[in-house]
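Contents: one structure, followed by commentary.
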Amino acid sequence: MKRIILSSKETLTAIRVGLFLAIRQVKRSSKWTTLLITFIMTLTFLNLVVVSGILVGLIEGATVAVRERHLGDIAISRLKEKEYIERSTKIIAAIAASPDVESYTERYLQGATVEANYKTRRRETDLVESTGTVLAGIDLLLEDKATGLSKRIVEGSYLEQGDYDKVLLGCNLLIKYLGFESTSMPALKDVAIGSKVRIKFNNITREMTVKGIIKTKVDDIDRRVYMTDSQLRSMSGRTDYNVGEIAIKIKSTANADEVKRSLVSQGLDQFATIQTFEEGEPKFLKDIKQTFAMLGSMISAIGLVVACITIFIVIFINAITRRKFIGILKGIGIDSVAIEFAYVCQSLLYALVGTLIGFVIVFAVLKPFLDAHPINFPFSDGILVATIPGTFTRAGLLFLATLIAGYIPARMVVKQNTLDAILGR
Amino acid sequence: MQFLGAKYNPMIKIQDLIKSYTTAGNTFVVLKKLSFEIEAGQFVAITGRSGSGKSTLLYQLSLLDHPDSGFIEVDGVDISKLDRRERTKFRLNRLGYVFQDYALVPELTSIENVVVPLLMQGLDKKTAYKKALAALERVNLADKINNLPSQLSGGQQQRVSIARAIGHDPHILFADEPTANLDKETSENVLEIFLELNKKGQTIIMVTHEPEYAALAHRTILLDSGVITSDKRNVGHKPQD
């Protein structure tokens, strides 16, 4: 087959004529058709960006929750072989002195069991409801400043200074919030604000009153029992002031790695494990994030294929209904490259307008709205993850798909016999 | 076949032209070994009954279709040697075509329909529009340049079609039943334009089934079942020098 190559001047002329035809065809075609195609392109773009963005945002929401409500930007925990963070006061003093730290919270931790219905059971042989938990003794003000714990109260109220024998229960300790009964993760029934519960650890038993229920959507927190640090210290007979974990929130201008380096440089890593959030982020979250990112990419790929097919159908129908005019244009000497370019231009124009509208919807409407009002998923507050570079990449892929999906049907129709096209055979 | 002796200058030369179509497994020979020549500047009418092969002949001459066999030379070029793109380019630069149903692009205004082939020829926008306007003036449509085809009558659309066909100064103008969809008065207007163009030296080949319109041409070729049954000079007309 003879290879036909256009000179650069001929190519430029063909592009110029293609553009001339495309602009007028779009400008003077039915407004409803243009609107419909643009709407489809906008939906296609949103499908590419929003579906995967919400999927990733679902996990991102969980990650943000762990960071903001539990571990902070830097998490300090005990060394593996130790029961507590030794020299806690020294570490806390160093943290408090750091100009990069916005707030921090120290928590005394103690494994325990919590029991309910021990007063209301009818027979002595009835089992007492009990479940394992971690007691967290906190400085109420520091904790609230660092993690906003008081904002997570879903029933009752936050603890106050001087609240003795009063606790906050994590919602997942209650069947009412957990939503299911399980032997591996037992939970308590009929516990409400004002109910008495029994806390047991190291042969110590204490009856306490439920003052509030907290729901953070961070599983570790939602299985804890919170009380004041002074009460936990006195219950456990601890006088060393060594805490179980410290969460640090750094200033927005600060760098977590640098703050960590500064603490390590003071030799504090001899007494505790110091990790940035990224280092200390639970592995399951990292794995789920990767899984959802993969799922997002797969859905985007499917979205892209759907976009290709949609554009193909739209351009094919457009070209096939104009087959006669394509034949006439060829008949009067218009090069097929110009006609093909006209259709590719049209599809790119639709993609451009659809993408621009999609950009506005994503960055001016959806993202700000979902940042302010996250989607209330059972285990996270879902946000929309859509970065400008990532969205541009997806827009680029959409344009590439449009280019191919616009060219193929145009080529199919344009290469048909000129006379057959003119005569409608 | 020779018309003017020493000044003879064939614009179209065909020899042993055969064209057939196959429909539902049956092959119909539409043009049966046709041979003739057309001189530059002539106004030739090809006429005959429906199915006689006149339109098919026009498609071969205007490079819209390929013959099965035979030799065709148009404007000094053996068209069998042209590839697909060269044929398109040849049509663009040397031929003009007036279709029976006007065949204007519906989204383009009158002047835009005329300007497209001129832009394709590589003319700059200003020159192309100037030439397009001149072509529309020649068919008395200067006042309708910004009208879409849907805003024009049939006769006006046909005149735009003629302007598009002559805008780039083609060497040969082909017209396929240009008056078939027009009333008598409008048809006569269109033919007046053709005669005017021919007076200025334009070679015109027109297919028509109207004997009275065919009689206006210099020469009438009558086809019947794919064979030339008559090829005569019309009284009162002389080919252009």
Side-chain angles (χ1 to χ4, degrees), chain A residues 1-31 33-34 318 321-343 346 414-425, chain B residues 19 21 23 55-56 58-60 62-66 81-109 112-125 128-129 148-150 161 164-168 170 174 176:
Chain A
M1 194 177 155
K2 193 174 174 183
R3 197 169 164 80
I4 300 159
I5 300 168
L6 264 72
S7 72
S8 57
K9 194 186 168 203
E10 284 172 330
T11 307
L12 278 177
T13 302
I15 288 171
R16 192 167 68 122
V17 173
L19 205 59
F20 179 90
L21 291 170
I23 291 169
R24 279 146 188 89
Q25 278 175 10
V26 171
K27 214 164 87 177
R28 297 190 183 123
S29 64
S30 155
K31 285 188 175 50
T33 310
T34 307
N318 193 3
T321 53
R322 302 175 49 76
R323 185 170 163 257
K324 179 184 168 75
F325 298 105
I326 289 173
I328 288 160
L329 286 170
K330 284 167 67 187
I332 63 170
I334 307 303
D335 196 280
S336 54
V337 172
I339 302 167
E340 286 156 15
F341 189 74
Y343 281 92
Q346 280 183 66
V414 169
K415 79 173 185 186
Q416 287 181 5
N417 180 282
T418 304
L419 192 59
D420 288 347
I422 293 171
L423 300 177
R425 295 195 294 220
Chain B
K19 177 67 187 177
Y21 289 115
T23 312
S55 288
T56 304
L58 198 76
Y59 300 148
Q60 316 308 308
S62 60
L63 280 71
L64 286 174
D65 204 1
H66 296 266
K81 293 199 163 62
L82 302 180
D83 63 32
R84 184 176 57 81
R85 182 149 273 130
E86 286 166 343
R87 288 167 72 91
T88 306
K89 210 167 168 183
F90 189 89
R91 286 199 298 268
L92 174 72
N93 292 321
R94 303 202 199 188
L95 311 181
Y97 208 102
V98 178
F99 295 89
Q100 181 178 336
D101 57 356
Y102 333 130
L104 300 175
V105 181
E107 292 89 13
L108 302 183
T109 61
E112 286 166 351
N113 263 291
V114 181
V115 94
V116 170
L118 298 168
L119 291 173
M120 194 70 233
Q121 280 186 321
L123 297 181
D124 63 84
K125 204 172 169 185
Y129 270 88
L148 290 169
S150 58
S161 178
R164 181 178 64 188
I166 62 170
H168 56 293
F174 293 97
D176 185 10

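Salt-bridge check for B/R85 with A/E10: failed, with every basic side-chain N at 4.0 Å or more from each acidic carboxylate O.
Using a 4.5 Å cut-off between heavy atoms, A/K324 touches chain B through its side chain atoms alone. Heavy atoms closer than 4.5 Å to chain A are found in the side chain of B/D101, but not in its backbone. Heavy atoms closer than 4.5 Å to chain B are found in the side chain of A/I422, but not in its backbone. Residue contact with chain B, scored on non-hydrogen atoms closer than 4.5 Å, involves the side chain of A/R16 exclusively. Of the atoms belonging to A/L423, it is side-chain heavy atoms, and not backbone ones, that fall under 4.5 Å from chain B.
B/L108 has its side chain within reach of A/L21: a pair of non-hydrogen atoms, C-beta onward, lies under 4.5 Å apart. Within the 4.5 Å cutoff, side-chain heavy atoms of A/R28 are placed close to those of B/T109. A/I332 places a side-chain heavy atom less than 4.5 Å from the side chain of B/F99. With a 4.5 Å cut-off on side-chain heavy atoms, A/R322 and B/V105 count as touching.
Among A/T418, A/L12, A/I334, the residue with the largest count of heavy-atom pairs under 4.5 Å with chain B is A/I334.
Heavy-atom minimum distance, B/L104 versus A/F325: O-CE2, 3.0 Å. Nearest heavy atom pair, residue B/Y21 against residue A/L419, reads OH-CD2, 4.4 Å. Smallest separation of non-hydrogen atoms from A/G333 and B/L92: O-CB, 3.5 Å. B/M120 and A/A14 get closest at one heavy-atom pair: CE-CA, 4.0 Å.
With hydrogens and angles ignored, the 3.5 Å screen pairs a side-chain donor or acceptor of B/R91 with a backbone N or O of A/G331.
To the nearest 0.5 angstrom, B/H66 atom NE2 is 7.0 Å from A/N417 atom CG.
Around NZ of A/K415, the count of heavy atoms belonging to other residues, nucleotides or ligands within 6.0 Å does not exceed 12.
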**Study point:** Verdict with supporting geometry, B/V116 and A/R24, side-chain contact (heavy atoms from CB on, under 4.5 Å)
**Key:** CA-CA 12 Å; B/V116 170; A/R24 279 146 188 89; over 6 Å; no
